[in-house]
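As structure tokens, the structure follows; a few thoughts come after it.
No hydrogens, no waters, no symmetry mates; every other heavy atom, side chains included, goes into these values. Residue numbers begin at 1 in each chain, while the letters A, B, ... track the order of the sequences.
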There are 2 protein chains.
Amino acid sequence: MLSLSKKTDYGLLALSHLTKLKEGEAASARELAIEFAIPTELLAKIMQRLARADIVRSISGPSGGYRLSRPAKEISIASVISAIEGTPAFTQCTKSDGTDCDQLTRCTIRKPLAHIHAKILQMLSLITLAEFDESDSTTYPVVLMSQAAKPRTTTVMPLYGHKNED
Amino acid sequence: MLSLSKKTDYGLLALSHLTKLKEGEAASARELAIEFAIPTELLAKIMQRLARADIVRSISGPSGGYRLSRPAKEISIASVISAIEGTPAFTQCTKSDGTDCDQLTRCTIRKPLAHIHAKILQMLSLITLAEFDESDSTTYPVVLMSQAAKPRTTTVMPLYGHKNED
DNA sequence: TCGGTCTCCGACTAATTCAGTCGGATATAC
DNA sequence: GTATATCCGACTGAATTAGTCGGAGACCGA
């Protein structure tokens with residue numbers, strides 16, 4: 001459904017918290033987990049991945065924790081998604097280089113889909129954590145559809161005349 | 001991983017084939033399934049959904065089959081995804097109206113994520129089946145990253161320094 | 001009118017992915 | 001040395017997705 005996993009949600013949430021810390025401060029995984037009501041062990045695992053991707057830096061020992069490894073404006077949403085979920089792929093084909101769908105030699109849609117995928121990725125790579133928090137104060141550079149902020153997803157895309165849930 | 005399901009892949013593939021049919025022609029589900037090496041019953045099911053969403057029109061009886069219910073240039077990728085996968089949601093929060101994550105009252109990321117989601121959806125709603133096929137001849141209006149056509153996904157986003165697969 | 005071919009539909013099972021848990025290792029401040 | 005922190009892999013259960021099965025109704029041609 002073109003959606004991010006819960007893990008990524010959690011990760012972004014934690015990162016957005018780290019963004020607000022002052023220089024030198026760190027927040028422990030448990031602290032963050034309690035703050036946002038996320039299972040402690042799960043968030044710990046997510047933070048480990050972010051650490052491995054050098055998005056956060058870990059400080060061991062008591063009074064340790066995590067802090068951003070570089071300024072929030074240098075951390076893109078795309079890199080966060082990639083760190084937590086692994087290599088993103090828009091279609092099944094684009095995961096490998098297409099050798100596994102050799103049955104579909106007549107696959108005419110791979111190329112256009114790859115383009116779309118790239119465009120989405122580029123968009124996500126232009127949005128940083130810094131902009132994420134700015135949007136609290138209703139200024140957000142990526143806004144295109146004003147109705148997007150509405151909670152009801154059904155009405156987000158007026159294009160969808162008919163929907164069926166499985 | 002921000003990816004489309006296989007069903008959607010199959011659906012787009014079938015639709016791209018229907019696009020090439022002449023006026024009055026129809027292709028049966030089985031015909032399409034054999035053509036693209038897709039399980040017959042599965043594709044039949046996908047076509048049914050597309051029919052329900054009025055993207056294709058079904059013709060019963062022998063010598064029947066499916067054809068597009070309107071010109072390819074009036075069928076957006078977004079509507080196809082929506083028809084096959086149901087209401088798209090970028091995050092878990094945006095699926096319902098947020099009542100189920102009331103634990104996350106401090107959720108500061110919902111709004112910016114909703115914006116990103118809307119932007120992706122808008123992009124997909126601007127691309128039609130017609131453009132899908134034009135791209136065979138290397139002219140494609142949505143191109144932004146030229147390297148996107150490369151098969152190797154690892155190099156698509158140079159931003160991703162570190163990736164880990166689960 | 002009868003049989004074959006088609007769409008149509010829902011329910012079912014299998015396979016895969018995702019969320020969350022557990023146990024144990026290492027690092028460090030007090 | 002001990003308590004608290006990260007770290008890491010392996011495991012289980014839940015949820016989603018892929019694919020299957022069986023049967024009903026529509027339609028064309030003989």
### Message
Rounded to whole Å, how long is the line connecting atom CD1 of A/I59 with atom P of D/dT4?
### Response
18 Å
### Sequence-distant partners of B/E31, side chain to side chain contact (heavy atoms under 4.5 Å, CB included), two or more places apart
B/A27, B/S28
#### Entry: With sequence neighbours excluded, residues passing side chain to side chain contact (heavy atoms under 4.5 Å, CB included) with B/A26
B/I59
### Task
Examine A/Y10 and A/I34 and state if one hydrophobic cluster contains both, with Ile, Leu, Val, Met, Phe, Trp and Tyr joined whenever side-chain heavy atoms are less than 4.5 Å apart.
no
Show me the protein contacts with nucleotides 20-24 of chain C, counting only N or O atoms at under 3.5 Å.
| residue | atom | partner | partner atom | Å |
| --- | --- | --- | --- | --- |
| C/dG20 | OP2 | A/Y10 | OH | 3.4 |
| C/dG20 | O6 | A/K45 | NZ | 3.1 |

### Query
Taking only residues two or more places apart in sequence, or in another chain, which ones meet B/P62 in a side chain to side chain contact (heavy atoms under 4.5 Å, CB included)?
none
### Task
Grab the CD-P distance between B/E85 and D/dT17 for me, whole Å please.
7 Å
### For A/R57, all residues meeting salt bridge (Lys or Arg N to Asp or Glu O under 4.0 Å), sequence neighbours excluded
A/D54
### Message
Output the rounded distance in Å from OH (B/Y66) to P (C/dC6).
### Response
12 Å
### Message
Using whole Å, what does the distance between atom P of nucleotide C/dA27 and atom CD of A/Q48 come to?
### Response
15 Å
### Task
Output, in order, the C-alpha distance, side-chain angles, deciding distance and verdict of side-chain contact (heavy atoms from CB on, under 4.5 Å) for A/S76 and A/S79.
CA-CA 5 Å; A/S76 74; A/S79 67; 3.4 Å; yes
### Task
Kindly indicate whether the side chain of B/T19, heavy atoms from C-beta on, has any atom under 4.5 Å from the side chain of B/I75.
no
### Query
NA contact type, A/A29, heavy-atom cut-off 4.0 Å: base, sugar-phosphate, or nothing?
sugar-phosphate
### Set of side chain to side chain contact (heavy atoms under 4.5 Å, CB included) partners for A/A51, sequence neighbours left out
A/V56, A/Y66
### Task
Check every atom of C/dC6, D/dT6, C/dA19 against the side chain of B/R30 and return the nucleotide holding the closest atom.
C/dC6
### Query
Taking CD1 from A/I84 and P from C/dT17, how many angstroms apart are they, rounded to a whole number?
19 Å
### Polar side-chain atom of A/E25 near backbone of A/K22 as donor-acceptor pair, under 3.5 Å
yes
### Message
What is the separation between atom CZ on B/R49 and atom P on D/dG19, rounded to the nearest whole Å?
### Response
13 Å
### Task
To the nearest Å, give me how far apart CE (A/M47) and P (D/dC8) are.
14 Å
### Query
For every nucleotide of nucleotides 24-30 of chain D, 5' to 3': is a protein heavy atom under 4.0 Å from its base (B), only from its sugar-phosphate (S), or from neither (-)?
--BBB--
### Interatomic distance where CG belongs to A/L4 and P belongs to C/dT17 [whole Å]
18 Å
